[in-house]
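Below is one structure; the comments refer to it alone.
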Amino acid sequence: MDRKWKWVLSSGALLVIFLGRMTTALEVPLDLPQPPTITHQSPKDFIIDPRENILIYCEAKGKPHPSFSWTRNGTHFDVEKDSKVLMKPSSGTLVIDISGEKAEAYEGIYQCTARNEHGTAVSNNIVIRQSRSPLWSKERKEAIMVQVGVSLVLQCRPPAGLPPPIIFWMDNNFQRLPQNTRVSQALNGDLYFSNVLLDDTRNDYICYARFPHTQTIQQKQPITVKVLDNSPSGERRPSFMAPLGRSSTQMALRGGVLELECIAEGLPTPEVSWYKESGDLPSSRMSFHNFQKTLKIADVMEADAGDYRCTAKNSLGSAHHTIKVNVKAAPFWISAPRNLILAPKETGILTCRVSGDPKPQIAWSVNGVPVEDSPKDMSRKVEDDTVILSDVQTGSSAVYQCNASNEFGYLLANAFVNVLAEAPRVLTPPNNVYQVITNNPAFLDCASFGSPIPTITWFKDSQTSILNRDPYVIHNNGTLEINVAQSLNSGKYTCIASNNLGTKENHVYLEVKEPTRILAQPEYMVVQRNRKAVFECKVKHDPTLIPTMNWLKDNGELPDDERFLVDTDSLTINDVTEEDEGTYTCVMNTTLDQDSASAMLTVVEEPDPPTDLELTDQRERSVQLTWIPGDEHNSPTQKFLVQYEDLLHQAGVWHNLTEEEGTKTTAHLDLSPYAYYSFRVLALNHVGYSQPSQPSRQYRTNPAAPDVNPTDVQGVGTEHNNLVISWKELTGLQSNGPGLQYKVNWRQKDVEEDWSSETVANASKYVVSGTPTFVPYEVKVQAVNDYGNGPAPEAVVGYSGEDVPMSAPESVQVLVQNGTLAEVHWEPVLTSMVRGRLQGYKVSYWRERSLHQAEAQQEEQQVLAFSGNRTDGRLPGLKPYSLYTLNIRVVNGKGEGPLSPNHNFETPEGVPGPPSFLRIKNTNMDSLTLEWGPPQDNNGRLTGYTLKYQPVNNSNELGPVEEMTFPANETTITLADLKYSTRYKFYFNAKTIKGSGPTITEEAITIMDEAFIQQPIVDVVKGYTEPHLPISPITQSLRPQFYKVHPIGSAFTNVNSSVVGEEGAVISWEYFGPDKNVYVEYIVENSKEDWTKEFVNGSSGSQTYLIKGLKPGTSYRVRVVVKDHSEATIHSTEELVITLPEAMKSNQVDLATQGWFIGLMCAIALLILVLLIICFIKRNKGGKYPVKEKEDAHQDPEIQPMKDDDGTFGEYSDTEDHKPLKGSRTPSNGTVKRDDSDDSLVDYGEGGDGQFNEDGSFIGQYSGKKEKDTHEGNESSEAPSPVNAMNSFV
């Protein structure tokens, strides 16, 4: 991407000003005495319009203000005596009213004089001339008769005007006559013909002259030219018509324009070329015009003098002409005299250095009087171009004139000498603020005046040192320059001007700013037509400067189009078109600098279609196609696609024929006979295909015999006694001629017989009837037309039609591998009996009945297919101890053969299926009853059942396993001597002589105590209330997930809630889902905060959860949800609203001091003591049972032990069946010790003592913290203290 940086600095303008002051005359403030200075005057050569008043300028300044006078043609011009002449007030400018007067009366040489008491200044000699546009003189023009091929010059010769007119040639219709290398206009206005043609005959060759000052056009009489061809001129080598001869001379003035001209005649028309013999042409200042016949050099220099040769050349030869150029020069300044301001007793020098060719003559004047005629002054000395003034005195101020002249012009300059004594003054306004960009030069102005000239010193901020070292430079005019300004250069600067008459100081300020930079530049873009282009331009700039972003297209303004959208840092062009191509530049301007960056936009689209399709090298079977590519639209052509249309066989349908590379424009096309071709070409570039070209002219090929035969020849029978021969027909283009037919040949394979044949037309198949069933045939199809046969076809083998098989497989045998798998074997059917293409064998089999059953219970028939010529197969998925029947049939392409005779076989016994159910009922404190059903699939003769069970303690450890067996006819058993309040896991399966079947499991908990299960919920305001969901004293039976059937619909049922105290609430539910991530969520009603979420045990069944830490007197919305691993909610209960009671007031009556309450508590304590004694006796009678590992965590959450920390229900989980948990052990004597059980009531109380309500219910569920001494066993017979229970309740 092209990128350019542009800087526009305010200090740049100051640089021009300051450097100018270093080289121009010192300015004197206008409030000080000074001689006159001419400030404005008319040009030396002043051409006036006679229709307007004459305005001759002469303005001057001085102190006192000067007076003005004029001379005309060297004598005084009395303005007051001429009423038509007015001098403007306080000015020397003349206004001459020429209305009613002739302008010629005021032509002449005018000079203005401005004088005051300190001197006299004079203007240039101003030559006033009236512009003139004279008429053409009347002349009679005869027709010009000229032979074809000769040269001709039509002269214009316009009247002399002031200034000279502009010449051009037109016809009667004011249309410019066409010009070229053969016909062209010379510098003098004549019209040159290098050779004439018959087309040059016309009667309206008219020369026009336009006079620019008066804006008038004069017309010459029309010229008639008649070109004859009775004696045409022959071809000839060139010769010059202007200038004549072999050489010429031309003079040019320095600084002017040099025009050299060479016009040649000849046949054929010659071409003109230029070169300089003594050096190179100045390419930067040179240009060719008039079809190379004119060489123009601008701003002529002395080095442009020399010999210039023009050469005219055609096929017959060349001619040369040399122009010798001499360069002269009017006087020009080398150093013009400048004003001098001198203090008394000082010395000064005036210089007047000029140059020119010939050398100018210099003449000095004082106050308009030649120096030799002025009063003698001893302090003045004149030496050629220098005037030396020494020891000047007050009152010797004057204006000196220097006049330098030669034959080509003159120069006149005024320079005053002002003698005065003046204290310093600073001309720069105070407190100026200069702003520059970092790393750029800064110029601080301290323009001053004084006589003698003051000395300038600079200081920065509060420093006392003079700034006269790097990086500071003090110029002669007082300007302070900082070459490379940095931010540390910012600050306050003080300049002091001093001379022997006093001092003066001034303060200015410098601010150095950060540069503007484009950070993200626009990038080169290639955009498809009608798409969008976006140029980015992000800029960083000094924050104190105001930026302005402009976008340019090709260095001009953006088009006024709503498709161009300019944003803060981007330009968007919607619906791009070809006209939008170009270079886009973003320009960021501030008041101090600018930065710009450019990028090109290239618009691409599909190429234009090729044109000018041409057929060459035409032959019988080929032709060459050429074309001209269309516009690529900035995307190179990748390839050309040639398509054809066959107007004879498929008019209107175009087919792809061939592709060529994008660099080619020719394609060799192979053609088919008997076709009427038209071709077209499409071009493809990166954007896509072009539109098709216009079709080529039609190209017809002659007919011929077919080149190819039909393809896809097949012989297949559709009936048992036929053969259908089919093929793919030839296209019209493949037919190669009229009368296309197909010669069909066939014969039975491997049989000695001749080919049978039949010729058909417009067909793609032929049916041979009366064939034997399923025998091989050789078939072939040949294309023929009116011009001959196609090539010899190749034979293919087909088969006549099939018939259903005639016989069934024999010798069927079954080999039983096991209870679920058998192998079947058979003898294959003879090929002759298959009567077709063998596809395979089908084995049908079904289960008649189980061997347990006497009556048949036939099941659905199953079919297995064995492909190919198989003689055996396997029958999987059989049921053990069953009677099966099977048969076999053979299959060919026509259908299935007859069935083989049914064959019976039996499967041996296997292991049984799982028992149909296992139920647990009549659960008591130390016993329960198991009930089961036999397996649905015995798979043999049942030999009995096996039951295994083991306890599960609170720490999720499995106890010893106890095993029992039962005969096959039993369906129930009661287990006694179980531990009370203990969870048991049961494993149950059936057996045959082959082994045990799958095991089903169940879990149950022996009853702890009816009071423990039915828990009241305490409401502070209402007292005791019955629970909303009373729990059955019969322990729930938890089944494994595999056998569990969940309810359809919501995963939650029986959702209820109760308030507990002032800061708690209990929510209960039943959950039947498989997911374990269950949460209780609650939120203050009408609150916009997030829901508070607490995780609970995710087991199926009934659950109860205590929410603690709620605010008294507040309503909450509560719900139970199930989430997946991504925290997304998959099940949710309806929201419940729970309102907590207000906090109890502090002035309530202390119940402990009430007599009735004390009596009640004593009765409760006595009742608790009796219950504990009973429980202790029951526990000592508990049996000893082995324990097996814990499997699934399907427990009843309502009888879970409390968590140690927060009083919530603990979790019981088991993720792996049959994995012993820690602490599981089986004693050698088969008994279970008391210290092996961790499930004592003591664990649920505080300090080892359980607390009970008066009705025997356990009240420590929501308040007790479990504290178990690890050194203490559970063998102690000590009953819990009733006093502790009493204190806990209170």
Side-chain angles (χ1 to χ4, degrees), residues 136 139 141-159 164-210 217-245 248 259-274 286-296 308-321 323:
W136 245 296
E139 56 183 357
K141 289 291 184 181
E142 298 291 339
I144 299 175
M145 315 292 286
V146 62
Q147 293 290 335
V148 172
V150 304
S151 61
L152 175 65
V153 179
L154 300 182
Q155 295 180 344
C156 181
R157 305 284 175 84
I166 299 171
I167 306 301
F168 50 93
W169 289 79
M170 293 196 299
D171 58 16
N172 280 331
N173 297 322
F174 298 100
Q175 299 297 315
R176 286 185 177 268
L177 295 176
Q179 297 188 27
N180 48 45
T181 55
R182 185 180 65 86
V183 181
S184 60
Q185 179 182 313
L187 292 175
N188 64 358
D190 293 346
L191 191 62
Y192 282 78
F193 294 78
S194 295
N195 52 77
V196 295
L197 304 176
L198 288 174
D199 292 341
D200 294 330
T201 298
R202 62 191 306 157
N203 58 3
D204 58 351
Y205 287 96
I206 306 174
C207 180
Y208 288 87
R210 180 168 65 85
I217 297 177
Q218 302 291 342
Q219 174 185 338
K220 186 181 177 73
Q221 290 293 323
I223 301 175
T224 299
V225 176
K226 292 183 179 180
V227 181
L228 308 176
D229 61 352
N230 52 6
S231 179
S233 174
E235 293 186 346
R236 59 192 179 279
R237 63 187 301 165
S239 63
F240 284 100
M241 303 170 70
L244 300 174
S248 59
E259 289 184 309
L260 304 179
E261 183 178 57
C262 281
I263 300 178
E265 64 90 22
L267 191 65
T269 301
E271 301 286 341
V272 177
S273 61
W274 294 85
M286 172 201 74
S287 59
F288 293 108
H289 301 271
N290 197 22
F291 310 100
Q292 294 275 108
K293 298 175 186 179
T294 302
L295 170 63
K296 184 176 181 180
Y308 292 80
R309 170 178 284 197
C310 61
T311 300
K313 184 178 181 180
N314 66 8
S315 59
L316 299 181
S318 61
H320 307 280
H321 184 91
I323 303 175

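Worth knowing before you read on, the calculation uses all heavy atoms, side chains too, and leaves out hydrogens, waters and symmetry mates. Fair warning: this is a prediction, and the values are worked out from it, not measured in the lab.
- Between H321 and G245, the shortest heavy-atom distance links the atoms ND1-O, 2.7 Å.
- The nearest pair of heavy atoms linking N188 to P158 is O-CD, 4.4 Å.
- Contact check for L177 versus M170: no side-chain heavy atoms found under the 4.5 Å cut-off.
- Evaluation of the side chain to side chain donor-acceptor pair (under 3.5 Å) rule for N203 yields no partner, not counting sequence neighbours.
- Here the side chain of K220 pairs a donor or acceptor atom with the backbone of C156 at under 3.5 angstrom.
- Here the closest heavy-atom approach between residue L198 and residue V227 is recorded as CD2-O, 3.7 Å.
- Contact record, P178 with V183: O-CG1, 4.3 Å, taken as the closest heavy-atom pair.
- Here S231 pairs with nothing under the side chain to side chain donor-acceptor pair (under 3.5 Å) rule; sequence neighbours left out.
- Taking both residues in full, the closest heavy atoms of S151 and S194 are given as CB-O, 3.6 Å, listed atom of the first, atom of the second, then distance.
- Side-chain atoms of V153 and M241, non-hydrogen and from C-beta on, do get closer than 4.5 Å to each other.
- Annotation: side chain of K313 is not in contact with side chain of P270 (no heavy-atom distance under 4.5 Å).
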Worksheet entry | Y205 vs V225, side-chain contact (heavy atoms from CB on, under 4.5 Å): CA-CA, chis, key distance, verdict | CA-CA 8 Å; Y205 287 96; V225 176; 3.8 Å; yes

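- Taken from OG1 in T294 to CD in E261, the straight-line distance is 4.5 Å, to the nearest 0.5 Å.
- Applying the salt bridge (Lys or Arg N to Asp or Glu O under 4.0 Å) definition to pairs two or more places apart or across chains, those involving residues 174-189 are R182-D200.
- Looking at heavy atoms from C-beta onward, R210 lies in side-chain contact with F168 at the 4.5 angstrom threshold.
- With a 4.5 Å cut-off on side-chain heavy atoms, F240 and C310 count as touching.
- Residues in residues 235-244 take part in these side-chain hydrogen bond (donor to acceptor under 3.5 Å, both in side chains) pairs, two or more places apart or across chains: S233-R236, R236-E265, S239-E265.
- For W169 (side chain) and D190 (main-chain N/O), no donor-acceptor pair under 3.5 Å exists by modelled atom type.
- For the atom pair CG of L152 and CG of L191, the computed distance is 8.0 Å after rounding to the nearest 0.5 Å.
- Here CD1 of I263 is found 5.5 Å from OH of Y192. Values are rounded to the nearest 0.5 Å.
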Practice prompt. Run the numbers on N314 and E271 for side-chain contact (heavy atoms from CB on, under 4.5 Å), then give the verdict.
Written response: CA-CA 6 Å; N314 66 8; E271 301 286 341; over 6 Å; no

Practice prompt. Determine, stepwise, if the pair N230 / Q147 fulfils side-chain hydrogen bond (donor to acceptor under 3.5 Å, both in side chains).
Written response: CA-CA 7 Å; N230 52 6; Q147 293 290 335; 2.4 Å; yes

Worksheet entry | Derivation of the side-chain contact (heavy atoms from CB on, under 4.5 Å) call for I206 and N172 | CA-CA 8 Å; I206 306 174; N172 280 331; 3.2 Å; yes

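- Shown here for N290 and S184, the closest heavy-atom pair between the two residues is OD1-CB, 3.1 Å.
- The structure places CG of L260 at 11.5 Å from CE of M286, a figure rounded to the nearest 0.5 Å.
- Put simply, the side chain of N195 never gets that close to the backbone of V150: no donor and acceptor are under 3.5 Å apart.
- Rounded to the nearest 0.5 Å, atoms CD (Q179) and CZ (F193) are 9.0 Å apart.
- Not counting sequence neighbours, K293 has no partner by the salt bridge (charged side-chain N to carboxylate O under 4.0 Å, His left out) test.
- Take R202 and apply the salt bridge (charged side-chain N to carboxylate O under 4.0 Å, His left out) test, not counting sequence neighbours, and it matches D171, D204.
- Taken from SG in C262 to CG in L295, the straight-line distance is 9.0 Å, to the nearest 0.5 Å.
- L187 is listed as a side-chain neighbour of E259, based on a closest heavy-atom distance under 4.5 Å.
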